[in-house]
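Report on the following structure.
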2 protein chains.
Amino acid sequence: MLRITRQADYGIVLLTLFARSNGRVFSARELASASHVPLPMVGKILKLLVQAEILGSHRGMHGGYTLARRPDEITVGHIIEALDGPVAITDCTGHLPSECGIEQTCPVSHAWQRINDAIVGALDRVTLAEMTCPVGDPLTAFTGHRAQVQP
Amino acid sequence: MLRITRQADYGIVLLTLFARSNGRVFSARELASASHVPLPMVGKILKLLVQAEILGSHRGMHGGYTLARRPDEITVGHIIEALDGPVAITDCTGHLPSECGIEQTCPVSHAWQRINDAIVGALDRVTLAEMTCPVGDPLTAFTGHRAQVQP
DNA sequence: CAGAATAGGACCAACTTGGTCCGATATTGA
DNA sequence: TCAATATCGGACCAAGTTGGTCCTATTCTG
């Protein structure tokens with residue numbers, strides 16, 4: 001558990017197609033066949049990415065979608081927020097008033113807030129450009145985590 | 001989105017009750033009334049925490065649950081894994097063979113792997129002890145993230 | 001032996017997610 | 001101007017997951 005939705009996952013894959021063929025215009029149809037993501041799903045995702053101003057769109061014949069910004073100016077965090085909504089690890093870390101029921105007696109909400117911030121930070125520190133070229137070391141700065149001992 | 005389940009959330013809250021009254025034995029009933037989490041839910045959660053060897057249990061009259069380890073030896077990551085299963089931000093970051101369908105053509109799976117590692121790292125670096133006493137600065141080591149500008 | 005507690009299940013309702021479909025609108029080219 | 005092609009913006013539905021309940025062992029204490 002603790003996973004992003006498949007929508008966001010697909011979204012990143014689609015965006016890497018844009019990022020790699022710099023500046024090209026893609027139709028939804030093209031993207032679907034290139035990525036093997038079902039077409040109606042592609043449409044749904046692109047729609048959200050346009051609303052988030054990550055993609056630009058152009059209708060009509062020979063229309064399609066283009067990146068609205070440079071790949072190194074688009075963060076993974078931004079993409080996930082566009083497709084899945086704001087990252088909120090728990091109710092109380094969201095922007096909305098929480099409805100968790102034990103809010104009053106809850107002793108840990110702001111500890112969660114910090115963990116949430118850490119995760120958002122991790123997500124915001126990786127750009128689409130870094131997702132696209134897997135050779136770099138985008139994450140070495142903060143992957144110095146304790147090894148997970150799995151017996 | 002990108003949230004832990006309520007089960008894990010409740011679990012942490014319950015465990016902080018243990019952590020604060022050092023070494024005490026709690027019955028499920030007690031914990032439910034102290035935390036305002038519904039009793040059957042408490043039972044379900046405690047069950048899983050015992051299986052993960054985070055809690056110890058003792059049956060019979062005056063039975064109950066106790067921490068099996070010191071609060072500073074229990075990580076948030078471990079708790080979440082016990083209650084929600086292993087953290088896997090996407091299909092391909094899990095232990096199971098992924099069924100994502102576009103695996104062959106997917107260019108970003110190991111970039112995800114690294115982001116996943118970063119999140120697991122963040123979760124593993126915070127202990128129950130640190131969740132319990134909110135005064136400390138458990139996270140300052142890695143919360144130096146770019147500020148999220150929200151206009 | 002009786003009572004109190006956990007253990008381990010099956011079980012169900014409600015919400016979320018993944019996915020589809022359709023009509024409206026805009027743009028291009030003949 | 002008209003037809004073709006594309007996005008846009010919804011509603012819509014099925015399946016899976018989650019949150020939550022309940023019931024019956026089993027184990028320990030007094």
Roughly how many Å is it from [atom1] in [X] to [atom2] in [N], rounded to a whole number?
X	N	atom1	atom2	value
B/L39	D/dG19	CG	C1'	15 Å
A/D91	C/dT16	CG	P	11 Å
A/Y65	D/dT5	OH	C1'	13 Å
B/L49	C/dT6	CG	C1'	14 Å
A/R6	C/dT17	CZ	P	13 Å
B/D84	D/dT17	CG	C1'	12 Å
B/R59	C/dA4	CZ	P	17 Å
A/K44	C/dC21	NZ	P	13 Å

A/I74 backbone acceptor or donor facing A/R69 side chain under 3.5 Å: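 Not at all, since once roles are kept as given, no pair shorter than 3.5 Å links the two residues.
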Can you tell me if [X] touches the phosphate of [N], counting only side-chain N or O atoms and a distance under 4.0 Å to OP1 or OP2?
X	N	value
A/H58	C/dA26	no
B/S57	C/dA7	yes
B/Y10	D/dT18	no

Kindly indicate whether the side chain of B/M131, heavy atoms from C-beta on, has any atom under 4.5 Å from the side chain of A/I115.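 Side chain of B/M131 against side chain of A/I115, heavy atoms only: contact under 4.5 Å found.
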Test item: B/T5 and B/L83 side chains (from C-beta on) under 4.5 Å apart, heavy atoms: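 No, their side chains stay 4.5 Å or more apart.
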Can you work out whether A/G60 or B/H62 has the more 5'-proximal nearest nucleotide on DNA chain D?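 Its nearest nucleotide being more 5', the pick is A/G60.
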Reading DNA chain D from 5' onward, which residue's closest nucleotide shows up sooner: A/L46 or A/M61?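 Its nearest nucleotide being more 5', the pick is A/M61.
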Is the closest side-chain donor-acceptor distance between B/T127 and B/D72 under 3.5 Å?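 There is no such pair between these side chains.
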Could you tell me whether A/P38 contacts a base, only the sugar-phosphate backbone, or nothing, with contacts defined as non-hydrogen atoms closer than 4.0 Å?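 Sugar-phosphate, no base atom in range.
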Please determine, for the side chain of A/V50, which listed nucleotide (C/dG18, D/dT21, D/dC8) has the closest atom?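 Within the option list, the nearest is D/dC8.
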Can you identify which nucleotide, out of D/dG9, C/dG18, D/dA6, has its nearest atom closest to the A/M41 side chain?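 Side chain of A/M41 sits closest to C/dG18.
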Tell me, please, whether B/F26 has B/R24 positioned over its six-membered ring: NZ or CZ under 6.0 Å from the ring centre and within 45 degrees of its axis?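 Pair B/R24/B/F26 counts as cation-pi.
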